[in-house]
K.L.:
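One structure, pasted below without further comment.
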Amino acid sequence: MALRLSVIFFLLCLVSLMVGSRPIAWQALLDGSQSAWLTLTASRIPRLVAIVLTGVGLSISGVILQHIVRNRFVEPATSGGLDAAKLGVLVSLTMLPSATVTNKVLFAVVFCLLANLLFIAIIRRIEFKNTVLIPVLGLMYGSVLSSVAEFYAYKNNILQSMQGWLLGDFSKVVQGHYELIYLIVPIVILAYAYAHRFTVLGMGQDMSASLGLNYAWTATLGLILVSITVATSVITIGAIPFVGLVIPNLVALKYGENLSRTLPMVALGGACLLLICDILGRLLLYPFEVPIGLTAGGVGGIIFLTLILKGVR
């Protein structure tokens with residue numbers, strides 16, 4: 001499976017490099033065309049890197065959050081984290097009009113982390129933890145945060161611009177304007193280093209303690225990794241839902257939940273899903289482009305609904 005997924009990933013990367021409003025021919029590259037090489041190095045390669053790292057980061061964030069909450073239908077888009085990160089960016093823009101990228105990241109990370117902590121506190125107070133109840137509660141919680149963010153943007157007269165730049169879109173990724181996404185690389189390394197601990201974390205607080213795991217520290221570390229990943233992707237690309245929900249579930253259904261073994265497949269699967277959605281968005285209205293926030297939301301939403309219905313049965 002890993003080999004097959006790697007081959008699919010490699011082929012999708014090649015297609016992603018070649019597809020666009022301005023097609024690149026291999027012959028033009030071999031002939032040394034400056035225009036073709038400029039398009040490749042300044043636009044297509046940065047875009048490919050951003051897609052891959054975003055897909056890897058969001059899928060890993062989803063699986064970490066699922067183990068912390070102990071529910072397979074939870075991810076940043078269904079727990080309020082994504083909406084909280086957007087609110088954090090908006091607050092940074094109004095409180096600090098000349099906010100740097102670092103300021104925006106810090107605000108988004110703090111808001112996302114606080115929202116995740118509050119979400120966990122809420123679900124721990126619920127006695128009847130139905131499999132479907134938790135993500136539905138998370139969607140309601142996220143809707144409240146989204147409404148707060150939109151009201152805040154409307155009050156500060158930035159609602160129209162907010163709807164544009166917070167929608168997931170890779171078309172704005174060019175050399176010099178995407179490098180923040182490399183923050184996901186150390187996040188992935190740390191997630192893999194702590195994969196066994198996150199697996200134990202998913203067994204519950206009592207079992208984790210009996211196995212000698214510091215539950216509070218490990219859960220806090222996981223939430224920090226999730227918050228940084230979500231904040232980075234929101235600021236660089238915009239909001240992309242359901243990636244962290246779909247891929248971990250599909251991998252877990254076939255290979256189980258031992259993250260030490262399945263995390264590479266989760267990462268590759270997230271990258272492949274975003275590559276497919278991005279290529280689809282570039283071809284649907286060619287030569288125009290559908291933002292990936294719409295294509296990923298559509299594809300992920302259908303799979304999410306299917307998983308929910310199976311969970312109910």
K.L.:
A side-chain contact here means heavy atoms from C-beta on lying under 4.5 Å apart; do Leu48 and Leu275 qualify?
P.N.:
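The answer is yes, as the side chains (C-beta and beyond) meet within the 4.5 Å cut-off.
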K.L.:
Between Leu87 and Ala149, what is the shortest heavy-atom contact and its length?
P.N.:
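Nearest heavy atoms, Leu87 then Ala149: CD1-CA, 3.7 Å.
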K.L.:
Determine, using the 4.5 Å side-chain heavy-atom cutoff (strictly less than), whether Leu58 and Val185 are members of one ILVMFWY cluster.
P.N.:
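Shared cluster, yes.
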K.L.:
Run the numbers on Tyr182 and Leu53 for side chain to side chain contact (heavy atoms under 4.5 Å, CB included), then give the verdict.
P.N.:
CA-CA 7 Å; Tyr182 284 109; Leu53 289 180; 3.9 Å; yes
K.L.:
Nearest heavy-atom pair of Ala231 and Ala108: which atoms, and what distance?
P.N.:
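What the structure gives for the nearest pair is CB-CB, 3.4 Å.
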K.L.:
Please say yes or no: joined through hydrophobic side-chain contacts below 4.5 Å, possibly via intermediate residues, are Leu221 and Leu106 part of one cluster?
P.N.:
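Cluster IDs for Leu221 and Leu106 differ.
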K.L.:
Grab the two heavy atoms, one from Lys104 and one from Ser92, that are nearest each other, plus how far apart they are.
P.N.:
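Looks like CG-OG, 3.7 Å.
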K.L.:
How would you list, by chain and number, every residue that makes a ring-ring contact (aromatic ring centres under 6.0 Å, His included) with Tyr194, sequence neighbours excluded?
P.N.:
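Testing Tyr194 for ring-ring contact (aromatic ring centres under 6.0 Å, His included), a comparison that skips the adjacent residues, returns none.
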K.L.:
Measure from the side-chain N and O atoms of Gln66 to the backbone N and O of Gly244, and report whether any donor-acceptor pair falls under 3.5 Å.
P.N.:
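Checking the backbone N and O of Gly244 against the side chain of Gln66, a donor-acceptor pair under 3.5 Å is found.
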K.L.:
Could you tell me the separation between the NE2 atom of His67 and the CD atom of Glu257, rounded to the nearest 0.5 Å?
P.N.:
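Separation between the atoms: 5.0 Å.
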K.L.:
Are Leu223 and Leu65 packed together at the side-chain level, in the sense that at least one heavy-atom pair is separated by less than 4.5 angstrom?
P.N.:
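A side-chain contact exists here, since the closest heavy-atom pair is under 4.5 Å.
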K.L.:
Considering non-hydrogen atoms only, spot the tightest contact between Leu145 and Gly80 and give its length.
P.N.:
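In terms of heavy atoms, the two residues are closest at CD1-O, 3.3 Å.
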K.L.:
Ignoring hydrogens and geometry, is there a side-chain-to-backbone donor-acceptor pair from Ser59 to Val243 under 3.5 Å?
P.N.:
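Not at all, since once roles are kept as given, no pair shorter than 3.5 Å links the two residues.
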K.L.:
What is the distance from atom OG1 of Thr218 to atom CD1 of Ile68, rounded to the nearest 0.5 Å?
P.N.:
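Going from the OG1 atom of Thr218 to the CD1 atom of Ile68 covers 9.0 Å.
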K.L.:
In the hydrophobic cluster built from side-chain contacts under 4.5 Å, what are the other members alongside Val110?
P.N.:
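Listed partners: Leu114.
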K.L.:
How long is the gap from OG1 on Thr54 to CD1 on Ile184, to the nearest 0.5 Å?
P.N.:
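Answer for the OG1-CD1 pair, Thr54 versus Ile184, is 5.0 Å.
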K.L.:
As a quick check of understanding, evaluate side chain to side chain contact (heavy atoms under 4.5 Å, CB included) for Ser61 and Leu225, giving each step before the final call.
P.N.:
CA-CA 7 Å; Ser61 294; Leu225 296 182; over 6 Å; no
K.L.:
CE of Met265 to OG of Ser6: how many Å apart, nearest 0.5 Å?
P.N.:
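If I round to the nearest 0.5 Å, the distance is 10.0 Å.
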K.L.:
Do Thr94 side-chain atoms and Val91 backbone N/O form a donor-acceptor pair below 3.5 Å?
P.N.:
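Judged by distance alone, yes, a pair lies under 3.5 Å.
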K.L.:
Side chains of Asp278 and Ser16: does their closest heavy-atom pair fall under 4.5 Å?
P.N.:
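Yes, at least one pair of side-chain atoms sits under 4.5 Å.
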K.L.:
Tell me whether Trp217 shares a hydrophobic cluster with Ile187, the cluster being built from Ile, Leu, Val, Met, Phe, Trp, Tyr side chains joined at under 4.5 Å.
P.N.:
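Yes, it is one cluster - the side chains of Trp217 and Ile187 are joined through contacts under 4.5 Å.
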K.L.:
Given the rule in the side chain to side chain contact (heavy atoms under 4.5 Å, CB included) test, do Met18 and Leu14 qualify, once you have shown the distances and angles that lead to the verdict?
P.N.:
CA-CA 6 Å; Met18 295 297 108; Leu14 290 179; 5.7 Å; no
K.L.:
Are the side chain of Ser146 and the backbone N or O of Gly142 linked by a donor-acceptor pair below 3.5 Å?
P.N.:
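No: the side chain of Ser146 does not pair with the backbone of Gly142.
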K.L.:
Answer yes or no: is there a side-chain heavy-atom contact under 4.5 Å between Lys155 and Glu150?
P.N.:
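No. Closest side-chain heavy atoms not under 4.5 Å.
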K.L.:
Testing the 3.5 Å rule here: is there a donor-acceptor pair between the side chains of Thr78 and Tyr141?
P.N.:
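Checked: Thr78/Tyr141 side chains show no N/O donor-acceptor pair below 3.5 Å.
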K.L.:
Can a donor-acceptor pair be found, under 3.5 Å and without considering hydrogens, that links the side chain of Asn249 to the backbone of Arg72?
P.N.:
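Side chain of Asn249 to backbone of Arg72, a donor-acceptor pair under 3.5 Å: yes, one is there.
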K.L.:
Would you say the side chain of Ile240 lies within less than 4.5 Å of the side chain of Phe170, judging by non-hydrogen atoms?
P.N.:
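Heavy-atom side-chain distance check passes, below 4.5 Å.
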K.L.:
Is Ser210 reaching over with its side chain to a backbone N or O of Met207, donor-acceptor style, under 3.5 angstrom?
P.N.:
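Flag set: sc Ser210 to bb Met207 pair under 3.5 Å.
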K.L.:
Could you check if a side-chain atom of Ile123 sits within less than 4.5 angstrom of a side-chain atom of Leu137, using non-hydrogen atoms only?
P.N.:
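They are in side-chain contact.
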K.L.:
Find the distance between CE (Met203) and CG (Leu211) and round it off to the nearest 0.5 Å.
P.N.:
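Reported value, rounded in 0.5 Å steps: 6.5 Å.
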K.L.:
Taking all non-hydrogen atoms of both residues, which atom of Leu259 and which atom of Ala195 are closest, and how far apart?
P.N.:
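Heavy atoms only, the tightest pair is CB-O, 3.7 Å.
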K.L.:
Answer whether the closest heavy-atom distance between the side chains of Arg197 and Leu213 falls below 4.5 Å.
P.N.:
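Arg197 reaches Leu213 side chain to side chain.
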K.L.:
Within a radius of less than 6.0 Å around OH of Tyr152, do more than 12 heavy atoms belonging to other residues, nucleotides or ligands occur?
P.N.:
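Enclosed.
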K.L.:
Hydrophobic clustering (ILVMFWY, side-chain heavy atoms < 4.5 Å, transitive) - are Leu284 and Ile302 grouped together?
P.N.:
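No, because Ile302 and Leu284 fall into different hydrophobic clusters, even though each may have its own neighbours under 4.5 Å.
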K.L.:
Could you walk me through whether Phe107 and Val89 satisfy the side chain to side chain contact (heavy atoms under 4.5 Å, CB included) test, starting with their C-alpha distance in whole Å, then the side-chain angles of each, then the deciding distance to 0.1 Å, before giving a yes or no?
P.N.:
CA-CA 6 Å; Phe107 270 83; Val89 176; over 6 Å; no
K.L.:
Quick check: does any side chain N or O of Thr236 sit under 3.5 Å from a backbone N or O of Leu180, one acting as donor and the other as acceptor?
P.N.:
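Between the backbone of Leu180 and the side chain of Thr236 there is no qualifying donor-acceptor contact (under 3.5 Å).
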K.L.:
When rounded to the nearest 0.5 angstrom, what is the spacing between CD1 in Ile51 and CZ in Arg44?
P.N.:
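One gets 10.5 Å once the value is rounded to the nearest 0.5 Å.
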K.L.:
Same cluster or not: Leu117 versus Val69, using hydrophobic residues (I, L, V, M, F, W, Y) connected whenever any side-chain heavy atoms lie under 4.5 Å apart?
P.N.:
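In one cluster: yes.
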K.L.:
Does any non-hydrogen side-chain atom of Val74 lie less than 4.5 Å from one of Phe119?
P.N.:
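Answer yes - side chains close enough.
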K.L.:
Write down the atom of Ala191, the atom of Ile60, and the distance for their closest heavy-atom approach.
P.N.:
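Scanning both residues, the minimum pair turns out to be CB-CG2, 3.7 Å.
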